[in-house]
2 protein chains.
Amino acid sequence: MQRYFIDENSLQNDIVTITGDDAHHIATVMRMKPDQEIICTIPGASTVRCALTNISSETVEATVVEYVENTNELPISITIASGLPKGDKLELIIQKGTELGASAFLPFQAARSIVKLDEKKGAKKVERWQKIAKEAAEQSYRHIVPTVFAPFSINQLLNAIPDYDECIVAYEESAKSGESAQLVQTFQSLKEGSKLLVVFGPEGGLSEKEVEQLTEKGAKLCGLGPRILRTETAPFYVLAAASYHFELMR
Amino acid sequence: MQRYFIDENSLQNDIVTITGDDAHHIATVMRMKPDQEIICTIPGASTVRCALTNISSETVEATVVEYVENTNELPISITIASGLPKGDKLELIIQKGTELGASAFLPFQAARSIVKLDEKKGAKKVERWQKIAKEAAEQSYRHIVPTVFAPFSINQLLNAIPDYDECIVAYEESAKSGESAQLVQTFQSLKEGSKLLVVFGPEGGLSEKEVEQLTEKGAKLCGLGPRILRTETAPFYVLAAASYHFELMR
């Protein structure tokens, strides 16, 4: 069943009203007919299954058939902080990371990031990234759309650490030295509803200074198994491991 | 340190001889100089750290400095069977799946695969997929290059199931119905050295008949958490969960 995110004002007295791109999608792309059903989610609040009543490419109306329970979110909230990588790698991180349950994406300008975004370019990118997150969230039955932050400086990232219950840094040197217990320990220490920040370097890795600054702020260095993962693959590992730990093993 | 795969004849009396593309890479792309060190791996056998002695773009020679222990392979061997997906998704599965530790990739012509490969096209594709696996294996410090099979028919896949200790099928309906224990149970039942086959449908999923045929042969249906993963994302989940289970939690 097609799924759409709506804002809270779009659901009134068990009637859902959809406008804009999503109305166009339902009427023109999907060519849906009255009585066909869709799922609508108010991010972080209700999800309803509803039957279409009026359809035009400007406005679509639907009547609620059922309120659906929200059980698709990871029990802990994970923010993926990525040192700005090259090309369209962050798009892949956001698309797949959303499917795998990330709560937020926080790109940051790392010392070894080759890409530099000025404010104007940055704003355009963030808009595109948000769109990717929204589409992936709909497709993967998420109940929230992950937040994509505008790129942080390293200092902004360091200052954000106290907002989270734990912060870990995926560190290639930890992987090489066989460190294997930190991720398990961190997951074991977190309760439902906890907020975890996970920091990944860009292609060239984090600089020694960045690692020092992060650990001074309480971040823990963490290996992700013995194989060296690319900057865009490592977040998938952490998110899948979190799902395995918190959703499948309990 | 740069890593290269070599065949067993390339290591004789502690001297490594490298020819072909890799010699070109060392001499011309990396512009390495005598005394610089590289890592060479005979897949499934030894790994050596060695110092370059003679360098030309046709032949490179190096002297062994140290035999390195092989500890980078997942304790169980996982074969990823993917219903042929559209576009270049299988390339992504092979690249990232190799980083994450897969032993082999087995594409198969599923009922809902939109792509059809004839023998000639198929052979070209397999060559390209093998190259991607080799490069990803070098980059992620693997000790083997995963095998990429030429596409199987569904019957060939069914007949291959008895060659594995366990076979699981990532099944969207299991995810929707909240099935969450099968993957954990399967991992718990496997010993070091076991062979696991994991089957993934193409974009449209497996057909009911395929699911029936697979379960008749002993395959178990398996959910991968409550979110719906795309066909190219689901293998990353299984491989990361396997690493978490077998490498980090032990």
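Convention: sequence-line order gives letters A, B, ...; per-chain numbering from 1.
Counting heavy atoms of neighbouring residues, nucleotides and ligands inside a 6.0 Å radius, atom CD of B:Glu66 exceeds 12 of them. When the shell of 6.0 Å around CD of A:Glu37 is examined, it contains more than 12 heavy atoms from other residues, nucleotides or ligands. Environment of CG in B:Asp7: crowded, with over 12 heavy atoms of neighbouring residues, nucleotides or ligands closer than 6.0 Å. When the shell of 6.0 Å around CZ of B:Arg49 is examined, it contains more than 12 heavy atoms from other residues, nucleotides or ligands.
Close approach to chain A, defined as a heavy atom under 4.5 Å from one of its heavy atoms, is seen in B:Leu92, B:Gln95, B:Lys96 of residues 84-96 of chain B, taken by number. Contacts between residues 188-200 of chain A and chain B, defined by a heavy-atom separation under 4.5 Å, are made by no residue at all. Of residues 242-249 of chain A, those residues with a non-hydrogen atom less than 4.5 Å from any non-hydrogen atom of chain B are, in numerical order, A:Ser243, A:Tyr244, A:His245, A:Glu247, A:Leu248, A:Met249. Using a 4.5 Å cut-off between non-hydrogen atoms, the part of residues 72-81 of chain A that approaches chain B consists of A:Asn72, A:Glu73, A:Leu74.
Within the 3.5 Å criterion, the main-chain N or O of A:Ala136 finds a donor-acceptor partner in the side chain of A:Ser140. For B:Thr231 (side chain) and B:Glu203 (main-chain N/O), no donor-acceptor pair under 3.5 Å exists by modelled atom type.
Atom-to-atom distance recorded for A:Leu224:CG and A:Gln182:CD is 11.0 Å, nearest 0.5 angstrom. A:Arg3 contributes atom CZ, which lies 8.0 Å from atom CD1 of B:Ile228 (distance to the nearest 0.5 angstrom). One finds the SG atom of B:Cys50 at 7.5 Å from the CD1 atom of B:Ile39 (value rounded to the nearest 0.5 Å). If you take NE2 on A:His143 and CZ on A:Phe5, they are separated by 8.0 Å, rounding to the nearest 0.5 Å. Atoms CG and CG, on B:Leu206 and B:Leu214 in that order, are 6.5 Å from each other to the nearest 0.5 Å. Atom NE2 of residue B:His25 and atom CE of residue B:Met30 lie 5.5 Å apart, to the nearest 0.5 angstrom.
Minimum interatomic distance between A:Asp35 and A:Ala51 (heavy atoms only, all atoms of both residues): O-CB, 4.2 Å. Scanning both residues, B:Pro146 and B:Phe105, for their nearest heavy atoms gives CB-CE1, 3.8 Å.
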Verify side chain to side chain contact (heavy atoms under 4.5 Å, CB included) between A:Tyr237 and A:Leu183, making sure each step is shown before the conclusion. CA-CA 11 Å; A:Tyr237 185 109; A:Leu183 189 65; 4.1 Å; yes

Is there a side-chain hydrogen bond (donor to acceptor under 3.5 Å, both in side chains) between B:Thr233 and A:Glu99 once you walk through the steps? CA-CA 8 Å; B:Thr233 314; A:Glu99 289 174 58; 2.8 Å; yes

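Among the candidates B:Glu232, B:Arg142, B:Gln139, the residue making the largest number of heavy-atom pairs closer than 4.5 Å to chain A is B:Gln139.
With salt bridges taken as basic N to acidic carboxylate O contacts below 4.0 Å, none links A:Lys131 and A:Glu127.
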